[in-house]
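Note that the numbering runs from 1 along the sequence shown for the chain.
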Amino acid sequence: MSQATQFDNVSVVKQANVYFDGKCISHTVLFADGSKKTVGVILPASLTFNTGAPEVMETVAGSCRYRLKGETEWKTSGPGQAFNVPGDSSFDIEVVEPYHYVCYFG
């Protein structure tokens, strides 16, 4: 995972991914090597996301509390930090201010 401030030489899918009645909005970024990431914002909410592939959630701005499926302890992620989520799983996330993130897949 890179903590780059921008991604160069990419394509962006114009149609936004809108989840939870607009509480989470992201755009898919496609890379020349075939990989993809999403760049998005979660507005204040308590949400549960399901995963297909493994994910890494990098916090760009704001902060969140998260809890992986099967765990009881909540953890915190702030700017420059990241957390891993297994594939075919889920995680709960709580956000009290806009949370800006990059999600890495695979």
Side-chain angles (χ1 to χ4, degrees):
M1 184 188 71
S2 164
Q3 302 256 338
T5 58
Q6 70 182 37
F7 297 119
D8 296 321
N9 303 313
V10 299
S11 297
V12 176
V13 177
K14 291 184 351 181
Q15 180 65 45
N17 307 303
V18 180
Y19 305 101
F20 303 104
D21 298 320
K23 292 182 177 95
C24 177
I25 300 172
S26 68
H27 282 274
T28 302
V29 180
L30 304 170
F31 291 78
D33 66 3
S35 65
K36 73 175 184 175
K37 297 172 182 33
T38 56
V39 177
V41 174
I42 300 175
L43 299 177
S46 295
L47 307 172
T48 300
F49 285 89
N50 295 307
T51 62
E55 299 180 4
V56 175
M57 291 287 289
E58 175 191 351
T59 304
V60 176
S63 64
C64 72
R65 286 182 357 125
Y66 67 93
R67 179 176 57 197
L68 301 177
K69 181 180 180 178
E71 295 185 1
T72 57
E73 179 184 345
W74 286 89
K75 298 176 183 166
T76 302
S77 183
Q81 298 178 319
F83 60 95
N84 296 298
V85 184
D88 297 318
S89 187
S90 66
F91 66 99
D92 300 317
I93 188 166
E94 291 184 350
V95 173
V96 296
E97 62 182 333
Y99 171 72
H100 302 246
Y101 69 90
V102 176
C103 181
Y104 299 72
F105 298 95

Problem - Partners passing side chain to side chain contact (heavy atoms under 4.5 Å, CB included) against T48 (at least two apart in sequence or in another chain) - result: S90, D92
Exercise for the section: Answer whether the closest heavy-atom distance between the side chains of I93 and Y99 falls below 4.5 Å. Expected result: yes
Practice task
Quick one: list whatever passes ring pair (Phe, Tyr, Trp, His ring centres under 6.0 Å) with F31, sequence neighbours left out.
Solution key: F7
Handout entry: Linked, directly or transitively: V56 and F105 (ILVMFWY side chains, under 4.5 Å)
Key = no
Handout entry: Results of ring pair (Phe, Tyr, Trp, His ring centres under 6.0 Å) for F49 - residues two or more places apart only
Key = F20, F91
Between side-chain atoms of residues 33-44 and protein atoms elsewhere (two or more places apart, or another chain), which donor-acceptor pairs fall under 3.5 Å?
residue, atom, partner, partner atom, Å
D33, OD1, S35, N, 2.9
D33, OD1, S35, OG, 2.6

Problem - salt bridge (Lys or Arg N to Asp or Glu O under 4.0 Å) against E55, all qualifying residues, sequence neighbours excluded - result: none
Handout entry: With sequence neighbours excluded, residues passing side chain to side chain contact (heavy atoms under 4.5 Å, CB included) with V96
Key = none
Practice task
Can you sort out the partners of S26 under side-chain hydrogen bond (donor to acceptor under 3.5 Å, both in side chains), two or more places apart, ordered by chain and number?
Solution key: N17
Exercise for the section: Among residues two or more places apart or on two chains, list those pairs meeting side-chain hydrogen bond (donor to acceptor under 3.5 Å, both in side chains) that have a residue in residues 71-80. Expected result: T59-S77
Practice task
Sort and list the pairs that fulfil salt bridge (charged side-chain N to carboxylate O under 4.0 Å, His left out) and have at least one residue in residues 14-25, not counting sequence neighbours.
Solution key: none
Exercise for the section: Work out which heavy atom in P86 is nearest to a heavy atom in S89; give both atom names and the distance. Expected result: O-CB, 3.4 Å
Practice task
Please list, chain by chain and in numerical order, all residues satisfying side chain to side chain contact (heavy atoms under 4.5 Å, CB included) with A16, sequence neighbours excluded.
Solution key: V18, I25, H27
Fill in the blank from the handout: When rounded to the nearest 0.5 Å, the distance separating CG of N84 from OG1 of T51 is 11.5 Å
Practice task
Please report the closest heavy-atom contact between G62 and P79, naming both atoms and the distance.
Solution key: O-CD, 3.2 Å
Handout entry: For Q6, side-chain hydrogen bond (donor to acceptor under 3.5 Å, both in side chains) partners two or more places apart
Key = D8
Problem - Passing candidate, ring pair (Phe, Tyr, Trp, His ring centres under 6.0 Å) with F83, options Y104, Y66, Y101 - result: Y66
Handout entry: Set of side chain to side chain contact (heavy atoms under 4.5 Å, CB included) partners for S63, sequence neighbours left out
Key = E97
